[in-house]
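Keep in mind it's a predicted model, so treat the numbers as computed, not measured. Quick note: numbers below take in every heavy atom, side chains included, and nothing from hydrogens, waters or symmetry partners. Here is the naming used below: chain letters follow the sequence lines, and residue numbers restart at 1 for every chain.
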Amino acid sequence: MTEGWGREALRTLGGPLAALAVLVAFNALFTPGFLELEIREGRLYGVPVDILQQGSRIAIVALGMSLVIATAGVDLSVGAVAAIAGAVAAVALRDGGHAPGTAVSMALGASLACGLLNGALVVCLRLQPIVATLILMVAGRGVAQLVTDGLIVTFDEPGFAGLANAAFLGLPRPLWWMVGLFVATAAIVRGSNLGLFIEAVGGNAAASRLAGVPDRRVRVSAYLFCAGCAGLAGVLECSYIQAADANNAGQLLELDAILAVVIGGTALTGGRFSLPGAVLGALILQTLTTTLYMQDVSADVAPAPKALAVLAVCLLGSPPLRARLRELARGGGAAR
Amino acid sequence: MLSASGISKSFGAVRALDAVDLRLRAGEIHCLMGENGAGKSTFIKCLSGVHRPDAGRFTLAGEEVRFRSPREAEAAGVSTVFQEVSLIPHLTVADNIGLGREPRGFLGAIDGRALRERARRAVARLGLELDVARELSDLPVALRQLVAIARAIDVEARVLVLDEPTSSLDREETERLFAILRRLREEGLAVLLITHFLDQVFTLSDRITVFRDGGFVGEYETAAIGREELVRSMVGREFAEVERGPDAPGASGTARIEARGLRRRHAVENVDLTVREGECVGLAGLLGSGRSETARLLFGADRADGGEIRVDGAARRLEAPRDAIALGIAFTPEERKADGLVLDLSVRRNIELAWQARRGLALSRGEAGVVERLVRALDIRTPSLDAPVGRLSGGNQQKVLIARWLALAPRVLILDEPTRGIDVAARAEILREIEALRAAGTAVLLVSSEVEELVRCCDRVVVLRDRRSVAELSGAALDENRILEAIAAGHD
């Protein structure tokens, strides 16, 4: 890597890291029992562990979302895709008596098909990404309902349930899935020239095409990958509650994922992305949710303070505001 | 009627207009001419209140005016029809004509009948027969253009400004538009027309003002100026010396890239040209003559409708730039910021881009030192290789683009206006680099609006006019006057 990399990472991740620190500090002071951890049967329990467990699912989707957003697109269908994946896995376990591995493969296969559809609509038919993926966002839930016959599908398969509920090295498994996905994605995207292609296509599609970048394939891959991430999140949710609920699985997941990406410092205009930023953004979002819950803010009111906090983080990243703050800081230090 | 004096406008460090003047009389059609980057559009935007000039003043009928928005300009009688037709497709003709100034009836509701009546009058004034209740999107583009004009003169317009109104019209539609403009002239309107079609200028206009590089060049009576003189005033520029290197061995050898009867709808109609190994061929012509379009076709950036492209003697179908790159063709586009560079990415990444793209999906290891070597060789001045390329000056950005292709060692290099908007020193360096590549055996196709540049750099020059190749000059015949003659010649 180049020398400026460390400083560059600090510049983009500084804001989110500070926000997370502020949140944790607030909780340490004002939320009783927030930082308490205990070990039972070789497994760690406590609020921070719950946050990591819940946040992992958002982070997994945010990883996929950040690549789509980097190509100057967006994927609104991740919630619906997660619902489809959960439904496919649950039905395969219940009716087919398939092994957990097979069920997961079927679920991920269905998700990738969804991603291919999104990619084809955006790249071949040149629909705007927001419109193209809105189609599946709406229709996908219907598909999931068809798969489950409109019922909540339950199953008895300890192996599958373990995907999300068991622990590894004392920490919940979803966290490890997320870490594994993060490492693999970072290795592939930054280790190959795919990352360059994604940023080039998102930054200037016309110029990338004229430089010979396979822009169509790059964009389709991003939608495929994002749908795969959504599918994994759907499988984990299904495993966690040991049921598939086509109506509620992955509800508002698209907004959480987009927010996580934005909080992590990735601009929606495309051309840049930060995988650590996406993960951090997801954790901030989940910490915020848990904080409000523990502060007894009712679930109906919770979105308002949540939105304010998100606004604050985003404002910290706004170039005009940053320039203004810098100016103020300098002016304050000078003549007066 | 309207006069502008000393109008200046800068965008950041770029001076788009430098103290330009223009005088428009009532009852005349006045053409504003100039090549790309001359400042025509910026001037019109200053005049119509879209931009505010940094210096200078406009006077309308003797009074100084300062418009803060197109609406204010319209209210004062200065109406502008911009290049991109700014109408709303899903409204009716009458709604479009009256938009933003609807007659109000009872309780402030829009008076539909009065609106349609007024629209009918405006349309009739242009001599059009048109149902004003039709939706605009049902009409062909040419009629929409006329509706835009009807909208412009619906207010008590004294000055009508048209920015390239004929670029999407065919010959018959253009004639119709001209008839209307003549009619408006007789009514005493002052019409300011931006166009780059010489024929139109000479058939229609009374007087001409020429801008070049943001500066005022001159004001001419159309009847008193010749075509060549006009073209010369538009394209002349100061020039840097380039020393010609030795010819590569076997320079007059094999044809690297050829076009035969190349055509693409709305772009080029019939273009023939050949570029051989170790040869620099120029492509001359005015804006709109098809010069950039030809370059794009040869690179596969656009697909040809007909004709043939031969690379190294074999006919090829170029579906996408990747096909051309695989054959050893490279291309730097005219709009380097829009089509060339990824401005947010670093200098290093921009230089690597084509090279990495040719490798396909692979480990992101750069070839050690290639970028550094190119940056040194082309003397690209950048604070660091990791600085975003958007922060570099125009000349250095152009060098980054050239470096991107040099990393691939192309056998054919197509350059579209590589020196536009670049300072004299950087321009000389770029031209020297092109000459060095030619001497090393690269086949170079140089698209340029600067005739002098073509004469000094090229072995041969192909001249395009009205989207066709009309002349090829080489050897002793290759001089400025011959090129200008070929560019300016009228229809037979």
Side-chain angles (χ1 to χ4, degrees), chain A residues 1-12 67 69-72 123-124 185-222 224-225 265-274 319, chain B residues 295-296 299-302 320-327 329-366 371 383-390 400-401 404-405 407-408 410 414 416:
Chain A
M1 277 291 143
T2 49
E3 278 177 44
W5 196 81
R7 208 188 310 157
E8 173 72 16
L10 190 69
R11 196 177 63 80
T12 49
L67 294 195
I69 286 177
T71 66
V123 172
C124 302
T185 310
I188 291 172
V189 169
R190 295 301 186 190
S192 78
N193 45 22
L194 182 62
L196 170 63
F197 293 170
I198 289 174
E199 292 189 332
V201 167
N204 188 341
S208 305
R209 186 169 164 267
L210 287 181
V213 175
D215 60 321
R216 295 155 67 97
R217 260 177 281 163
V218 166
R219 277 186 294 163
V220 172
S221 318
L224 271 177
F225 176 71
T266 296
L268 287 177
T269 44
R272 277 286 157 109
F273 65 91
S274 161
Chain B
R296 289 180 61 89
F299 186 61
D302 297 318
R322 287 176 69 75
D323 299 342
I325 293 167
L327 295 168
I329 304 173
F331 170 61
T332 65
E334 175 180 18
E335 302 285 343
R336 56 178 174 268
K337 287 187 181 177
D339 299 333
L341 298 163
V342 185
L343 294 174
D344 287 338
L345 284 184
S346 66
V347 171
R348 176 196 300 277
R349 297 299 237 171
N350 269 286
I351 292 178
E352 277 180 350
L353 192 58
W355 183 74
Q356 297 281 17
R358 196 177 62 171
R359 294 169 69 220
L361 203 55
L363 292 183
S364 68
R365 292 289 297 268
V371 171
S384 98
L385 291 181
D386 298 311
V389 80
V400 167
L401 265 185
R404 172 190 289 173
W405 293 114
L408 296 186
I414 303 170
D416 193 357

Spacing of [atom1] belonging to [X] relative to [atom2] belonging to [Y], to within rounding of 0.5 Å:
X: R322(B); Y: R216(A); atom1: CZ; atom2: CZ; result: 12.0 Å
X: R349(B); Y: N193(A); atom1: CZ; atom2: CG; result: 8.5 Å
X: L210(A); Y: E335(B); atom1: CG; atom2: CD; result: 12.0 Å

Backbone N or O of D344(B) within a donor-acceptor pair of the R272(A) side chain at under 3.5 Å?
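Yes, R272(A) side chain to D344(B) backbone: donor-acceptor pair under 3.5 Å.
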Please report the closest heavy-atom contact between [X] and [Y], naming both atoms and the distance.
X: L353(B); Y: A200(A); answer: CD1-CB, 3.7 Å
X: A357(B); Y: A211(A); answer: CB-O, 3.8 Å
X: A207(A); Y: G340(B); answer: CB-O, 3.2 Å

Side chain, backbone, both or neither of [X] within contact of chain A (heavy atoms, under 4.5 Å):
X: A338(B); result: backbone
X: R358(B); result: neither
X: R336(B); result: neither

Do you know which of S384(B), A301(B), A324(B) has the most heavy-atom pairs under 4.5 Å to chain A?
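Most heavy-atom pairs under 4.5 Å with chain A: A301(B).
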Below 4.5 Å, heavy atoms only, C-beta onward: do L345(B) and N204(A) meet side chain to side chain?
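Result no, sub-4.5 Å side-chain heavy-atom pair not found.
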